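Input: a single structure, listed below in structure tokens.
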Amino acid sequence: MRHLLAAAALACAVSPALAADPVEGEWLTPGGAAKVHIAPCQGRPDRLCGAIVWLRDALDKAGRPVRDTANPDPALRGRALVGLPFIRDFRRVETARWTGGKIYDPQTGKTYDSRLRLNPDGTLKLEGCVLVVCQGQTWRRP
């Protein structure tokens with residue numbers, strides 16, 4: 001019985017550390033063109049990553065999945081955009097605020113330093129920066 005109580009106490013003590021951050025989950029990009037799933041990075045639970053899980057226009061004119069054709073690495077140009085790692089390596093600053101990550105723009109093939117935070121209205125503010133110039137987007141839940 002004492003072991004069971006100790007295990008229950010340990011589970012309660014550990015649970016808050018494992019609780020999902022409010023930015024985790026699925027988000028629609030502006031205009032609803034894509035849906036991105038944000039979750040802890042595989043093998044790095046202290047970091048957040050995200051992948052494209054849905055595209056409104058997922059097929060090209062020939063009916064094939066849209067590919068990562070603008071990627072600067074020719075070896076990666078054949079990968080489908082659905083399933084594509086889109087954001088990576090965000091470090092938590094505080095609950096609902098993450099920084100130090102990277103965001104990949106499949107339209108240009110460029111990767112930007114980025115940060116994200118949950119707005120008071122429940123939307124997600126994502127900013128990509130080059131040097132000191134940052135541009136942001138506001139994402140919403142589906």
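These figures come from a predicted structure and were not determined experimentally. Both backbone and side-chain heavy atoms feed into the values below; hydrogens, waters and symmetry mates do not.
Environment of CZ in Arg79: crowded, with over 12 heavy atoms of neighbouring residues, nucleotides or ligands closer than 6.0 Å. With a 6.0 Å radius and a threshold of 12 heavy atoms from other residues, nucleotides or ligands, Gln135 has its CD atom at or below the threshold.
To the nearest 0.5 angstrom, Glu26 atom CD is 12.5 Å from Arg140 atom CZ. From Leu28, atom CG reaches atom CH2 of Trp139 across 10.0 Å, with rounding to the nearest 0.5 Å. The CZ atom of Arg91 sits 9.0 Å away from atom CZ of Arg44, with the distance rounded to the nearest 0.5 Å.
In terms of heavy atoms, Pro40 sits closest to Leu48 at N-CD2, 3.7 Å. Contact detail for Ile87 and Leu116: the closest heavy-atom pair is CD1-CD2, 4.3 Å. In plain terms, the two heavy atoms of Pro106 and Leu84 that are nearest each other are CB-CD2, 4.3 Å. Between Pro72 and Gly109 the shortest heavy-atom distance is CD-O, 3.1 Å. For the residue pair Phe90 and Trp98, the shortest heavy atom distance occurs at O-CE3, 3.4 Å. Listed here is the closest heavy atom pair of Ala51 and Gly83: CB-O, 4.1 Å.
The main-chain N or O of Arg77 is never found under 3.5 Å from a side-chain atom of Thr69 such that the two would form a donor-acceptor pair. Judged by distance alone, with hydrogens and angles left aside, the side-chain atoms of Asn119 form no donor-acceptor pair with the main-chain N or O of Asp121 at under 3.5 Å. A donor-acceptor distance shorter than 3.5 angstrom exists from the side chain of Asp60 to the backbone of Arg64, with no hydrogens or angles considered. Checked by atom type and distance alone, the side chain of Asp21 never pairs as donor or acceptor with a backbone atom of Glu24 at under 3.5 Å.
A continuous path of Ile, Leu, Val, Met, Phe, Trp and Tyr side chains, each step under 4.5 Å between heavy atoms, connects Leu55 with Ile103, placing both in one hydrophobic cluster. Linking Ile, Leu, Val, Met, Phe, Trp and Tyr whenever their side-chain heavy atoms come within less than 4.5 Å leaves Leu126 and Val133 in two separate clusters. Note: the hydrophobic cluster containing Val66 does not contain Trp54 (ILVMFWY, side chain heavy atoms under 4.5 Å, direct or indirect links). Grouping the Ile, Leu, Val, Met, Phe, Trp and Tyr side chains by contacts below 4.5 angstrom, directly or via other members, places Val82 with Val36.
Between Pro65 and Leu81, every side-chain heavy-atom pair lies at or beyond the 4.5 Å cut-off. Contact annotation: the side chain of Tyr104 approaches that of Asn71 to within less than 4.5 Å [non-hydrogen atoms, C-beta and beyond]. Taking 4.5 Å as the limit, every side-chain heavy atom of Glu127 sits out of range of all side-chain heavy atoms of Asp113.
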Derivation of the side-chain contact (heavy atoms from CB on, under 4.5 Å) call for Arg115 and Cys134: CA-CA 10 Å; Arg115 58 185 174 229; Cys134 297; 3.7 Å; yes
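Salt bridge Asp89/Lys102: absent, no basic N to carboxylate O contact under 4.0 Å. Salt-bridge formation is not detected for the pair Arg92/Asp46: no Lys NZ or Arg NE/NH1/NH2 atom is positioned less than 4.0 Å from an Asp or Glu carboxylate oxygen.
Paired with Lys35 under the rule side chain to side chain contact (heavy atoms under 4.5 Å, CB included), one option of Val53, Thr29, Ile52 passes, and it is Val53.
The side-chain tip of Arg141 points at the ring of Trp27 from less than 6.0 angstrom away and within 45° of straight on.
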